[in-house]
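Each remark here refers to the structure printed beneath this line.
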Amino acid sequence: MSEIRVTLPDGSVRSFTQNVTINEIAQSISISLAKSTIGAVVNGQLCDTSYLIKEDCNLKLITEKDDEGLEIIRHSTAHLLAQAVKKIFPEAQITIGPVIENGFYYDVSYSRPFTPEDLTLIEKKMSELVSQNIPIERRELTRDEAIKYFKSIGENYKVEIISEIPEDQVISLYAQGDFIDLCRGPHVPSTGKLKAFKLTKLAGAYWRGDSNNEMLQRIYGTAWRNKEELSAYLKMLEEAERRDHRKIAKQLDLFHLQDEAPGMIFWHPKGWRLWQVIEQYMRLMFKKYNYQEVKTPQIVDKSLWEKSGHWEKFKDDMFSLEAEEREYAIKPMNCPCHIQIFKQGITSYRELPLRLAEFGSCHRNEASGALHGIMRTRGFTQDDAHIFCMEDQIQGEVASFCDMLFEVYAKFGLNDILIKLSTRPEKRIGTDESWDKAEKALAEALNSKGLAWELMPGEGAFYGPKIEFVVRDCIGRLWTTGSVQLDFLMPVRLGAEYVAEDGSKKAPAMLHRAICGSLERFTGILIEHFEGKFPLWLAPSQIAVLNISEKQSQYSQEVYEQLKHKFRCEIDLSNEKIGYKIRSATLQKIPYLVIIGDQEVENKTITVRKRDGEDLGGMPINEFIDKLNLELV
RNA sequence: GCCCAGGUAGCUCAGUCGGUAGAGCACUCCCUUGGUAAGGGAGAGGUCGCCGGUUCAAGUCCGGUCUUGGGCACCA
């Protein structure tokens with residue numbers, strides 16, 4: 001037998017005189033490496049440590065430190081979960097158990113719902129199985145053998161899955177003790193490698209994600225390389241909970257929701273102040289980027305929605321009403337209304353691009369289960385705009401939109417942004433030629449700005465490609481906020497035309513675009529991003545004036561009157577000690593506290609304390625105003 | 001819409017085996033006029049989401065309904 005040459009990532013080559021497993025190769029390098037190896041990439045293919053190498057190859061050992069290693073750990077933990085479930089509930093049928101962000105889940109079919117107590121039991125059983133350090137072994141079967149086996153143990157979902165695996169693929173199974181699961185692998189060599197996991201929640205989930213199918217029980221878990229990483233993750237979850245916009249909104253008295261208006265928001269004075277600051281800023285940006293603001297009706301005759309095609313597709317999700325024997329719908333979006341404005345009069349190509357913007361108040365009767373605080377509501381406001389332009393203007397418009405979007409996000413302290421470009425789906429309208437042009441225009445616009453983006457093939461809408469912008473907040477969560485979408489269809493459907501250079505009438509290209517998306521949701525994201533500690537320019541209350549005792553209430557009032565013309569300001573003259581007032585203003589996360597006692601009255605000054613406790617000492621009121629103005633630039 | 005878990009004072013929550021409700025904070029009044037994260041006292045406040053049922057008796061058990069939360073499905 002000729003020798004087998006294994007090339008490692010550093011380029012070094014190891015030779016073996018006979019077939020050799022990954023584990024043996026690792027051992028030949030060092031015992032400790034063999035211990036920490038949980039898999040390998042052989043010629044680009046992930047495999048187990050038991051994989052037998054029979055010919056020359058490139059090899060990269062995977063330890064738990066590698067990203068692939070963590071994935072293997074999570075996937076193996078999912079199997080461990082399934083094994084534990086089967087030990088405790090033998091009649092349960094297991095279905096699929098993939099790796100997801102931060103962990104894994106397993107969908108199980110069982111005669112009754114699992115309870116939190118069950119979850120504790122299952123987790124305990126998992127720990128037991130880990131301490132037994134059960135070896136995990138790969139087996140390969142023919143399709144018929146595999147189907148026969150899973151039928152024999154009553155795992156019908158597995159049978160269904162196998163029958164859909166392409167004929168030419170090997171059916172691999174993984175066994176740990178008496179538990180055997182269908183799986184492509186790879187897995188850690190034994191259960192003892194799984195040291196840091198926790199089951200996090202129970203939920204329902206449809207078999208194959210189809211709401212017509214049976215609802216299975218999904219058990220979610222998280223798994224990490226070690227206990228430290230696990231506890232860091234759990235801490236992050238707590239952090240996220242602490243930042244929950246609903247909780248902070250209550251603490252800061254921003255808004256509320258109530259039973260009589262599900263999915264719609266009652267904005268309180270402070271919340272509405274915050275809203276208005278955001279809206280006014282967006283209005284400035286509209287001006288800067290040459291948009292014209294418009295306002296269109298909330299309630300529009302059904303016929304317009306029929307023409308636009310929305311009625312047919314979304315009528316169940318639209319609020320409709322009847323008055324004087326006419327049927328109306330409350331607008332779920334602004335585009336058809338903006339097209340009506342475009343259609344007034346005759347538009348020349350010289351007027352393009354025409355950019356119409358609206359803080360469009362829209363209502364959609366979202367499925368009850370979809371509602372989520374102010375992140376997903378039934379009544380919402382888009383920072384919506386539509387750009388009507390000629391085809392050769394698309395790229396420039398998209399590029400300029402990107403500038404605007406990045407300027408806005410930077411202003412809000414959102415600097416980590418992912419970009420996705422979704423291209424033509426299988427079912428679509430329009431010619432391949434126009435799709436080629438459109439997709440190219442979007443991609444080139446991004447490239448011209450030097451932006452990195454991810455291609456999402458087939459994810460576009462049937463009427464045009466789109467770009468989505470995903471922001472990462474300060475604790476790493478992702479939110480899809482902005483988007484720009486090209487639409488070939490709507491202008492044609494609603495009969496929008498412009499007179500081209502050659503005198504012919506043409507349908508304009510239409511770009512739907514938003515930066516915040518829904519202002520309600522964007523406000524919610526900002527609340528969580530800043531944990532309610534808004535920067536000065538956003539803070540609903542920027543300054544609180546606090547007197548130390550009643551003696552200074554007159555002077556405090558004077559100071560307040562001066563400040564309130566320039567800033568969002570409140571005053572607390574209540575009969576409480578200064579410590580108490582500082583505490584309550586601090587809990588309200590007000591950026592600056594102005595404290596006034598006898599000294600300040602005497603010297604005609606104020607004493608300033610920042611939200612974080614920093615004492616800026618005494619200063620004349622004008623100095624303070626200048627300082628804040630400087631900060632607001 | 002589907003699965004699971006909740007809904008008790010303005011807020012956060014307690015309420016055992018069914019015997020008609022409690023705390024802290026907030027609120028009102030009084031005392032206190034105090035210099036950087038809670039001074040003291042008194043008082044007021046609830047048909048326990050809503051409708052129905054079981055029971056001598058329901059916050060508690062059962063059914064329905066609305067709504068909230070976590071997921072799933074959906075997201076023009």
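Just so it is clear, the values below take in all heavy atoms, side chains as well, and ignore hydrogens, waters and symmetry mates. What you are looking at is a predicted structure, and each value in this text was computed from that prediction instead of being measured.
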Any salt bridge linking A:Arg242 with A:Glu238? Criterion: basic side-chain nitrogen under 4.0 Å from a carboxylate oxygen. no
Whether A:Lys201 engages the ring of A:Tyr220 as a cation-pi pair (distance to the six-membered ring centre under 6.0 angstrom, angle to the ring normal within 45°) should be assessed. yes
Whole angstrom value for the distance that separates C1' of B:C11 from CG of A:Leu254: 15 Å
At 4.0 Å (heavy atoms only), tell me whether A:Phe114 reaches a base, stays on the sugar-phosphate, or touches nothing. nothing
With heavy atoms under 4.0 Å as the rule, sort A:Ser584 into base, sugar-phosphate or nothing. nothing
Which part of the nucleic acid, if any, lies within reach of A:Leu587 when heavy atoms closer than 4.0 Å are counted: base, sugar-phosphate only, or nothing? base
Ring centre gap for A:Tyr592 and A:Phe624 strictly below 6.0 Å: yes
Return the minimal non-hydrogen interatomic distance between A:Val300 and A:Trp305, and the atom names on each side. O-NE1, 3.4 Å
Identify the nucleotide, in any strand shown, that forms a Watson-Crick or G-U wobble pair with B:U47, with both distances under 3.5 Å; if there is none, say none. none
Using a distance-only criterion (donor-acceptor N/O pair, under 3.5 Å, no hydrogens), is the base of B:C74 paired with the side chain of A:Arg376? yes
Answer with base, sugar-phosphate or nothing: what part of the nucleic acid does A:Glu600 contact at a heavy-atom distance below 4.0 Å? base
Atom C1', compared across B:A58 and B:C48: separation rounded to whole Å: 11 Å
Over all strands shown, is A:Asp317 touching base, sugar-phosphate only, or nothing at heavy-atom distances under 4.0 angstrom? base
Specify the separation, in whole Å, of atom CD of A:Gln251 and atom P of B:C13. 11 Å
With sequence neighbours left out, the residues meeting salt bridge (Lys or Arg N to Asp or Glu O under 4.0 Å) with A:Lys581 are none
Applying the Watson-Crick and G-U wobble criteria at under 3.5 Å, what pairs with B:C2? Answer none if nothing qualifies. B:G71
Is A:Lys250 touching bases, backbone alone, or none of the nucleic acid, heavy atoms closer than 4.0 Å? sugar-phosphate
Nucleotide of B:U68, B:G34, B:G35 approaching A:Ile578 most closely (side-chain heavy atoms): B:G35
How many Å lie between NE2 on A:His256 and P on B:G69, as a whole number? 14 Å
Base of B:G49 paired with side chain of A:Glu260 (donor-acceptor, under 3.5 Å): no
N or O in side chain of A:Lys201 less than 4.0 angstrom from B:G71 OP1/OP2: yes
Can you find a heavy atom in the side chain of A:Ile515 that is under 4.5 Å from one in the side chain of A:Tyr409? yes
Re B:G35: Watson-Crick or G-U wobble partner, both distances kept under 3.5 Å, found to be none
Please state the P separation for the pair B:C13 and B:A9 - nearest whole angstrom. 11 Å
Which part of the nucleic acid, if any, lies within reach of A:Gly373 when heavy atoms closer than 4.0 Å are counted: base, sugar-phosphate only, or nothing? sugar-phosphate
So if I take every side-chain heavy atom of A:Asn575 and compare against B:A76, B:C31, B:C2, which nucleotide ends up nearest? B:C31
Give a yes/no answer on whether the side chain of A:Tyr580 brings an N or O atom under 4.0 Å of OP1 or OP2 in B:A26. yes
Answer with base, sugar-phosphate or nothing: what part of the nucleic acid does A:Asp598 contact at a heavy-atom distance below 4.0 Å? base
Using a 4.0 Å heavy-atom cut-off, does A:Gly263 contact any base of the nucleic acid, only the sugar-phosphate backbone, or nothing at all? sugar-phosphate
With the side chain of A:Ser549 defined as its heavy atoms from C-beta on, choose the nearest nucleotide among B:A37, B:U33, B:C72. B:U33
Is A:Lys295 reaching over with its side chain to a backbone N or O of A:Phe359, donor-acceptor style, under 3.5 angstrom? yes
Mapping A:Ala461 and A:Pro113 to their closest nucleotides on RNA chain B, which lands nearer the 5' end? A:Pro113
Pick the P atom in B:G59 and in B:C51, then give their distance to the nearest Å. 12 Å
Geometric cation-pi criterion, A:Arg74 with A:Phe104: 6.0 Å, 45°: no
Phosphate OP1/OP2 of B:G69: any A:Arg246 side-chain N/O under 4.0 Å: yes
Sugar-phosphate only, base, or nothing, as touched by A:Ile582 at under 4.0 Å among non-hydrogen atoms: base
Would you mind telling me which of B:C75, B:A37, B:C2 lies closest to the side-chain atoms of A:Arg364? B:C75
So do the side chains of A:Arg513 and A:Tyr291 get within less than 4.5 Å of each other, counting heavy atoms only? yes
Using whole Å, what does the distance between atom P of nucleotide B:C74 and atom CD of A:Glu366 come to? 13 Å
Does A:Arg609 reach a base, just sugar-phosphate, or nothing at all? Heavy atoms under 4.0 Å. base
Euclidean distance for C1', B:A38 against B:A21 (whole angstrom): 28 Å
In whole Å, what is the span from the NE2 atom of A:His268 to the C1' atom of B:G10? 11 Å
Just to be sure I understand the rule, does A:Pro332 reach a base, reach only the sugar-phosphate, or reach nothing, if contact means heavy atoms closer than 4.0 Å? base
Could you identify the nucleotide paired to B:G7, looking across every strand shown and requiring Watson-Crick or G-U wobble geometry with both distances under 3.5 Å? B:C66
From the list B:U33, B:A73, B:U67, which nucleotide is the closest neighbour of the side chain of A:Glu550? B:U33
Among B:U33, B:A73, B:G35, find the nucleotide with the atom closest to the side chain of A:Ile595. B:G35
By the 4.0 Å heavy-atom rule, please label A:Gly579 as base, sugar-phosphate, or nothing. sugar-phosphate
Measure from CG on A:Asp210 to P on B:G71 and round the result to the nearest Å. 21 Å
For the pair made of CD1 in A:Ile606 and P in B:G35, what is the distance, rounded to whole Å? 20 Å
Can you check the A:Lys577 NZ to B:G39 C1' distance for me, whole Å? 4 Å
Of A:Ser211 and A:His372, the one whose nearest nucleotide on RNA chain B sits closer to the 5' end is A:His372
B:A23 - base-pair partner by Watson-Crick or wobble geometry, distances under 3.5 Å: B:U12
Nearest-angstrom distance, P atom, B:G18 to B:A57: 15 Å
Using a heavy-atom cut-off of under 4.0 Å over every strand shown, decide if A:Gly309 touches base, sugar-phosphate, or nothing. nothing
Can you tell me whether the side chain of A:Tyr206 and the base of B:G71 have a donor-acceptor pair closer than 3.5 Å? no
Side chains of A:Gln485 and A:Ser483: is there a donor and an acceptor less than 3.5 Å apart? no
Could you identify the nucleotide paired to B:U28, looking across every strand shown and requiring Watson-Crick or G-U wobble geometry with both distances under 3.5 Å? B:A42
